[in-house]
Amino acid sequence: MAKKIAKRSWAEPFKIKVVEPIKMTTIENREKAIKNAGYNTFLLKSEDVYIDLLTDSGTNAMSDRQWSGMMIGDEAYAGSKNFYYLWKNIKKYYGMPYFVPTHQGRAAEHMISQILIKEGDYVPGNMYFTTTKLHQELAGGTFVDVIIDEAHDTASEHSFKGNIDLKKLKDLIKKVSAKKIAYVSMAGPVNMAGGQPFSMANLKAVQKLCKENKIKLWFDATRAVENAYFIKVRERGYAKKSIAEILKEMMSYFEGMWVSAKKDLMVNIGGIFATRNKKVFEAVRNMVVVYEGLHTYGGLAGRDMEAMAVGIEEMVEYDNIRARIGQIEYFGHQLDKYSVPYIKPIGGHAIFLDAKKILSHISQDNFPAQTLASEIYIDSGVRGMERGIVSAGRNSKTGKHNYPKLELVRLTFPRRVYTQAHIDVAVESIASVYQNRRKIKGLKMIYEPEYLRFFQGRFEKL
Ligand SMILES: *Cc1c(COP(=O)(O)O)cnc(C)c1O
């Protein structure tokens with residue numbers, strides 16, 4: 001007898017118009033390729049990758065509206081019409097009156113860090129992000145992690161593991177004084193915690209505490225729409241609000257923001273600096289001409305700004321963000337069938353495999369997450385990345401490795417790129433590596449760059 005239909009699946013609110021062939025490789029090809037890449041998935045040639053879950057940064061599929069926008073790029077050096085359209089949407093959707101485009105998120109991070117941080121300042125934040133923290137340090141600041149403890153606990157199913165721990169923040173203010181705090185740097189969903197969001201209630205409480213102490217509150221709004229989605233589905237009182245309304249409310253608590261447009265905005269390149277503080281805006285406008293270009297293009301072509309402006313309109317569509325996060329949830333639920341350990345709750349942009357649990361026989365000094373990422377690549381050509389001891393770098397004072405609590409392999413989903421069948425193949429491969437995990441040996445590092453070593457570090461099999 002036919003099975004009774006108990007539920008209706010959701011599906012993507014788009015269909016495929018253009019396809020890009022990908023190369024099918026053999027296990028021999030891949031063993032050679034990863035060896036040549038020093039067992040670092042960042043050093044693989046993209047041609048040698050089958051399903052690329054390295055990052056969702058700039059790897060998105062643009063819509064036909066975005067592509068047609070590329071054709072109406074106004075490539076004037078000054079005052080491009082695409083700039084004004086983008087500015088209009090930044091005011092409308094983010095609620096920030098002042099805006100400067102940048103070529104990527106880190107260019108905005110660089111400027112904001114140089115402008116707001118003085119030597120010896122502290123910059124508390126809800127867990128670090130690689131480029132954010134580095135720019136804060138290069139500006140003379142010290143990053144202090146004030147995220148709630150649950151964020152470091154892979155077993156915790158707290159709905160808002162990206163929340164700031166108010167007590168930690170209060171203690172820091174008491175210890176170093178509010179004057180020594182350049183600003184509170186909030187991000188969400190928190191990448192390093194597994195794509196975990198903060199709640200609106202937490203944001204409001206953080207803003208109140210900052211205001212009482214006259215401390216600025218700034219937002220890495222790169223994934224703000226993903227955070228807004230989680231607020232809608234998980235936080236009381238927001239179910240009926242639109243993504244756009246939630247985004248606007250979130251933004252209202254911040255003095256300013258920076259964004260990597262390569263994420264939420266579903267483009268391939270771009271960054272945003274925006275604020276309601278005119279003085280900071282003027283300072284950034286002065287600085288952008290030195291590092292990026294004139295303040296009406298900031299290192300971007302007019303066509304890129306057009307695609308970003310359209311991307312802002314698409315990113316707040318509920319069905320779009322629902323499909324994005326739904327795909328990641330599907331991936332997680334399939335992994336559950338094979339009991340593969342990963343961080344829960346399922347995050348906003350990626351699945352984070354728990355390499356410490358999966359390869360519990362490999363010590364942290366032999367890079368369990370780096371090892372797991374290369375083994376998955378060898379098995380199927382699925383490319384993920386390490387988020388563990390390699391990414392955490394060294395302590396700038398002692399020169400020793402930082403030992404993060406988490407050893408993760410991040411499998412990140414480019415927006416609107418892969419199908420459910422791709423996901424099934426990735427799941428089968430990971431399950432197979434998991435079942436054969438006892439045979440896997442660790443790695444040793446043979447080359448270590450000074451900055452952001454996870455990008456270019458090289459390894460050898462033990
Ligand atoms: C990607 C990202 C950045 C850096 O932006 P780029 O565009 O890669 O320079 C900063 N913060 C967060 C949260 C990001 O995801």
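Only heavy atoms go into these numbers, but all of them, side chains included; no hydrogens, no water, no symmetry mates. Start at 1 and go down the list; that is how both ligands and their atoms are numbered.
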Element-labelled atoms of ligand 1 that are located less than 4.0 Å from some non-hydrogen atom of Lys262: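 Close to Lys262: 7 (O).
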
Gly105: numbered ligand 1 atoms lying under 4.0 Å from its heavy atoms: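 Checking each atom against Gly105, I get 5 (O), 6 (P), 7 (O), 9 (O).
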
CA sep, side-chain torsions, deciding dist, call: Phe83, Tyr297, ring pair (Phe, Tyr, Trp, His ring centres under 6.0 Å): CA-CA 7 Å; Phe83 165 77; Tyr297 75 86; 9.8 Å; no

What is the nearest protein non-hydrogen atom to [atom], stated with its residue, atom name and distance?
atom: atom 6 (P) of ligand 1; value: Gln104 NE2, 3.2 Å
atom: atom 1 (C) of ligand 1; value: Lys263 NZ, 1.6 Å
atom: atom 10 (C) of ligand 1; value: Glu109 OE2, 3.0 Å
atom: atom 7 (O) of ligand 1; value: Ser260 OG, 2.6 Å
atom: atom 4 (C) of ligand 1; value: Thr131 OG1, 3.5 Å
atom: atom 11 (N) of ligand 1; value: Asp220 OD2, 2.6 Å

Plane angle bin for Phe459 and Phe367 - parallel if under 30°, tilted between 30 and 60°, otherwise perpendicular: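 Phe367 vs Phe459 ring planes: perpendicular.
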
Salt bridge Lys168-Asp149, side-chain N to carboxylate O under 4.0 Å: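 Between Asp149 and Lys168 there is a salt bridge, with a charged N closer than 4.0 Å to a carboxylate O.
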
Ion pair check, Glu282 and Arg285, cut-off under 4.0 Å: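 Yes, Glu282 and Arg285 are salt-bridged.
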
NZ (Lys118) with more than 12 external heavy atoms under 6.0 Å: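 Open: at most 12 neighbouring heavy atoms sit under 6.0 Å from NZ of Lys118.
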
Polar atom proximity, Arg106 to ligand 1 (N or O, under 3.5 Å):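 Looking only at distances, the answer is yes, because the N/O contact criterion of under 3.5 Å is met.
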
Spatial distance of atom CD (Gln136) from atom CG (Leu116) [nearest 0.5 Å]: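 Here the interatomic distance stands at 10.0 Å.
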
